[in-house]
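Contents: one structure, followed by commentary.
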Amino acid sequence: MSKIRIAERMSPRPSDEELVHFQQMGIDAASIWTTIEDAHYDYLLETRLRLAAHGIELWNIGILDLHCDPTMVLGLPGFEKKIEQYTTYLKDLGRAGIGYTTYAHMANIKMLPYYQTAVGQTRGIPTRQFDMEQAKDLPFSHGRAYDEEEIWQTFSRFIREVMPVAEEAGVRIGLHPDDPPVPSLGGVGRIVRTFEGYQRAIALADSPNLGLCFCVGSWAEGGVALGKDVYEMIDFFGGQGKLFKIHFRNVDRPLPLFHETLVDDGYIDMFRVMEALQRVNFDGVLLPDHVPGDGRHAAYTIGYMRAARKKVCGE
């Protein structure tokens, strides 16, 4: 039996209608993002049990306040307080029986000009577009330049503090690649943007509890310049049991200019992605990500994933 589960994002406090929708769509698991006010043991446990009563696995609850947070990425005043919050969160996740969370080490991804330079179209649907030629002229996002080694230093501090706690709590952390995978953006170096960068991050952690939240779309944005293509990344890290979660999305071409597409309309063969995941016996979730439009087209990706899984896995 395949261990590949289909997941989708869910509201922090889902309505009964949303839970029924997940059941009707055949969605196996949920991913929730909320704020730090909610990220405590009582909320985590209550939410997991409520979803379980509807046959839905709660894969993770992430904290927006601690994800791609400039204080941690840039080592700003308040770094230690953020680490304390993060380790408390990991402990509460473990106590609540939630064994996974996603982390990304980017300082300016939440700042629109550094993430999207224009609105493009795919099949007439508005979508994110990014042009490196435009982005290279953007001002510093945080007042000065931070080179890659500075960002590696803060990542190393983060890893040293949180991985022992994650191991004790029984929580795995999936490291998301940089989006877009460029050496620097807004003056801030980016470190998880190549095959070698991922290898270095995993070696720093030296832990079974750090692996990949592998975003197919983000990796496709970089193309062959990243050292291994999407399929090779799945074979390599999947073969090591280091793939924890997959963002199942596509783009029309690699940098320097790309726009996001519907799942079957980009240059990556997503059916081949499903075949690769089955080949490495992937044990985790796939979920739509950055679906063009206003959210109404996520069902298209869900249907594609379910059909591809059935064809590849025979179920």
Requested in this report: For Asp28 and Ile6, indicate whether the former's side chain and the latter's backbone hold a donor-acceptor pair under 3.5 Å.
Outcome: yes

Query raised in the report: With no hydrogens and no angle check, is any side-chain donor or acceptor of Asn108 less than 3.5 Å from a backbone partner on Leu185?
Result: yes

Query raised in the report: How long is the gap from CG on Asp131 to CG on Leu255, to the nearest 0.5 Å?
Result: 9.0 Å

Query - Value rounded to 0.5 Å, distance of OH in Tyr100 from SG in Cys213 - result: 4.0 Å

**Report entry** Min side-chain heavy-atom separation Leu51-Met10 under 4.5 Å
**Finding:** yes

Query raised in the report: With a cut-off of under 6.0 Å to the ring centre and 45° to the axis, is Lys242 in cation-pi contact with Phe237?
Result: no

Query raised in the report: By the rule that ILVMFWY residues connect when side-chain heavy atoms come within less than 4.5 angstrom, directly or transitively, which residues belong alongside Tyr41?
Result: Leu45, Leu49

Report task. Can you establish whether the number of heavy atoms outside Lys310 located under 6.0 Å from its atom NZ is more than 12? Result -> no

**Report entry** For Thr194, all residues meeting side-chain hydrogen bond (donor to acceptor under 3.5 Å, both in side chains), sequence neighbours excluded
**Finding:** none

Query raised in the report: Same hydrophobic cluster for Met305 and Leu243, using side-chain heavy-atom links shorter than 4.5 Å among ILVMFWY?
Result: yes

Requested in this report: Drop me the distance from Thr261's OG1 to Asp252's CG, to the nearest 0.5 angstrom.
Outcome: 7.0 Å

Query raised in the report: Who pairs with Pro12 by side-chain contact (heavy atoms from CB on, under 4.5 Å), at least two apart in sequence or on another chain?
Result: Ile32, Thr34, Tyr43

Report summary line: Heavy atoms of Ala205 and Ile159 approach each other most closely as CA-CG2, 3.6 Å

**Report entry** Charged tip of Arg172 within 45° of Phe244 ring normal and under 6.0 Å
**Finding:** yes

Query raised in the report: What distance separates Ile173 CD1 from Asn209 CG, expressed to the nearest 0.5 Å?
Result: 7.5 Å

Query raised in the report: What pairs with Arg200 under side-chain hydrogen bond (donor to acceptor under 3.5 Å, both in side chains), at least two apart in sequence or on another chain?
Result: Glu149

Query - Nearest non-hydrogen partners of Thr301 and Val263, listed with the distance - result: OG1-CB, 4.0 Å

Query raised in the report: Taking only residues two or more places apart in sequence or in another chain, which ones pass side-chain contact (heavy atoms from CB on, under 4.5 Å) with Arg9?
Result: Trp33, His247, Leu287, Asp289

**Report entry** pair Phe214-Val216: side-chain heavy atoms closer than 4.5 Å
**Finding:** yes

Report summary line: When every non-hydrogen atom of Met163 is compared with those of Ser207, the smallest separation belongs to CE-OG, 3.6 Å

Query raised in the report: Do Asp229 side-chain atoms and Tyr231 backbone N/O form a donor-acceptor pair below 3.5 Å?
Result: yes

Query raised in the report: Is a side-chain N or O of Glu167 found less than 3.5 angstrom from the main chain of Pro164, in a donor-acceptor match?
Result: no

Query raised in the report: How about Phe140 and His142: are their ring centres within less than 6.0 Å of each other?
Result: no

Query raised in the report: Does the side chain of Leu175 come within less than 4.5 Å of Leu212's, by heavy atoms?
Result: no

Query raised in the report: Is the backbone N or O of Val251 less than 3.5 Å from a side-chain atom of Arg253, with the two atoms forming a donor-acceptor pair by type?
Result: no

Requested in this report: Kindly give the heavy-atom pair with the smallest separation between Ala39 and Asp92, and that separation in Å.
Outcome: O-OD2, 4.3 Å

Can I get a per-line list of side-chain donor-acceptor pairs under 3.5 Å for residues 54-67, giving both atom names and the distance, sequence neighbours left out?
from: His54; atom 1: ND1; to: Arg50; atom 2: O; distance (Å): 3.1
from: Asn60; atom 1: OD1; to: Ser31; atom 2: OG; distance (Å): 2.9
from: Asp65; atom 1: OD1; to: Ile36; atom 2: N; distance (Å): 2.9

**Report entry** Rounded distance (nearest 0.5 Å) linking atom NZ of Lys91 with atom CD of Glu168
**Finding:** 7.5 Å

Query raised in the report: So, Arg193 and Glu148, do they make that salt bridge, N to O below 4.0 Å?
Result: yes

Query raised in the report: Mind checking what makes side-chain hydrogen bond (donor to acceptor under 3.5 Å, both in side chains) contact with Thr35, not counting sequence neighbours?
Result: Glu37

Query raised in the report: Hey, are the side chains of His297 and Leu262 touching, using non-hydrogen atoms and a 4.5 Å cut-off?
Result: yes

Requested in this report: Mind checking salt bridge (charged side-chain N to carboxylate O under 4.0 Å, His left out) for Glu150 and listing every partner two or more places apart, or none if nothing turns up?
Outcome: Arg144

Requested in this report: Answer yes or no: is there a donor N or O on one side and an acceptor on the other, between the side chain of Arg128 and the main chain of Gly120, under 3.5 Å?
Outcome: no

Report task. Spell out, as yes or no, whether a donor-acceptor pair under 3.5 Å connects the side chain of Asn250 to the backbone of Asp264. Result -> no

Query raised in the report: Where the side chain of Arg190 meets the backbone of Met106, is there a donor-acceptor pair that is under 3.5 Å apart?
Result: no

Requested in this report: Would you mind reporting whether Phe130 and Met132 have side-chain heavy atoms less than 4.5 Å apart?
Outcome: yes

Query raised in the report: In terms of heavy-atom contacts, does CD of Gln23 have more than 12 from other residues, nucleotides or ligands at under 6.0 Å?
Result: yes

Query raised in the report: So, His290 versus Thr127: side-chain donor-acceptor pair below 3.5 Å or not?
Result: no

Query raised in the report: What's the shortest heavy-atom distance between Leu210 and Ala201, and which atoms?
Result: CD2-O, 3.7 Å

**Report entry** Any donor-acceptor pair under 3.5 Å from Thr154 side chain to Ile151 backbone
**Finding:** yes

**Report entry** Note, Met72 side chain near Tyr103 side chain (heavy atom, < 4.5 Å)
**Finding:** yes

Donor-acceptor list for residues 73-80 side chains, cut-off 3.5 Å, not counting sequence neighbours:
from: Glu80; atom 1: OE2; to: Arg157; atom 2: NH2; distance (Å): 3.3

Query raised in the report: Which residues satisfy the side-chain hydrogen bond (donor to acceptor under 3.5 Å, both in side chains) test with Glu8, sequence neighbours excluded?
Result: none

Query raised in the report: Is Glu196 atom CD crowded by more than 12 heavy atoms from other residues, nucleotides or ligands, each under 6.0 Å away?
Result: yes

Requested in this report: Go through the steps for Arg13 and Glu18 under the test salt bridge (Lys or Arg N to Asp or Glu O under 4.0 Å), then give the verdict.
Outcome: CA-CA 10 Å; Arg13 286 182 167 77; Glu18 189 172 3; over 6 Å; no

**Report entry** Under the ring pair (Phe, Tyr, Trp, His ring centres under 6.0 Å) test, residues paired with Tyr146 that sit two or more places apart
**Finding:** none

Report task. Kindly indicate whether the side chain of Val119, heavy atoms from C-beta on, has any atom under 4.5 Å from the side chain of Gln116. Result -> yes

Report task. Nearest 0.5 Å please: distance from the CG atom of Asp179 over to the CZ atom of Arg249. Result -> 5.0 Å

Query raised in the report: Looking at Ala298 and Pro288, what are the two nearest heavy atoms and their distance?
Result: O-CG, 4.2 Å

**Report entry** Hydrophobic cluster identity match, Met274 and Ile234, side-chain contacts under 4.5 Å
**Finding:** yes

Query raised in the report: Short question: side chain of Thr87, backbone of Glu84 - any donor-acceptor pair under 3.5 Å?
Result: yes

Please tabulate, for side-chain N and O atoms in residues 265-272, each donor-acceptor pair with protein atoms closer than 3.5 Å (sequence neighbours left out).
from: Asp265; atom 1: OD2; to: Thr122; atom 2: OG1; distance (Å): 3.4
from: Asp265; atom 1: OD2; to: Arg123; atom 2: NE; distance (Å): 3.4
from: Tyr267; atom 1: OH; to: Ala220; atom 2: O; distance (Å): 2.6
from: Asp269; atom 1: OD1; to: Phe271; atom 2: N; distance (Å): 3.1
from: Asp269; atom 1: OD1; to: Arg272; atom 2: N; distance (Å): 3.1

Requested in this report: Determine the sole option in Phe248, Tyr198, Phe195 for which the ring pair (Phe, Tyr, Trp, His ring centres under 6.0 Å) test with Trp219 is passed.
Outcome: Tyr198

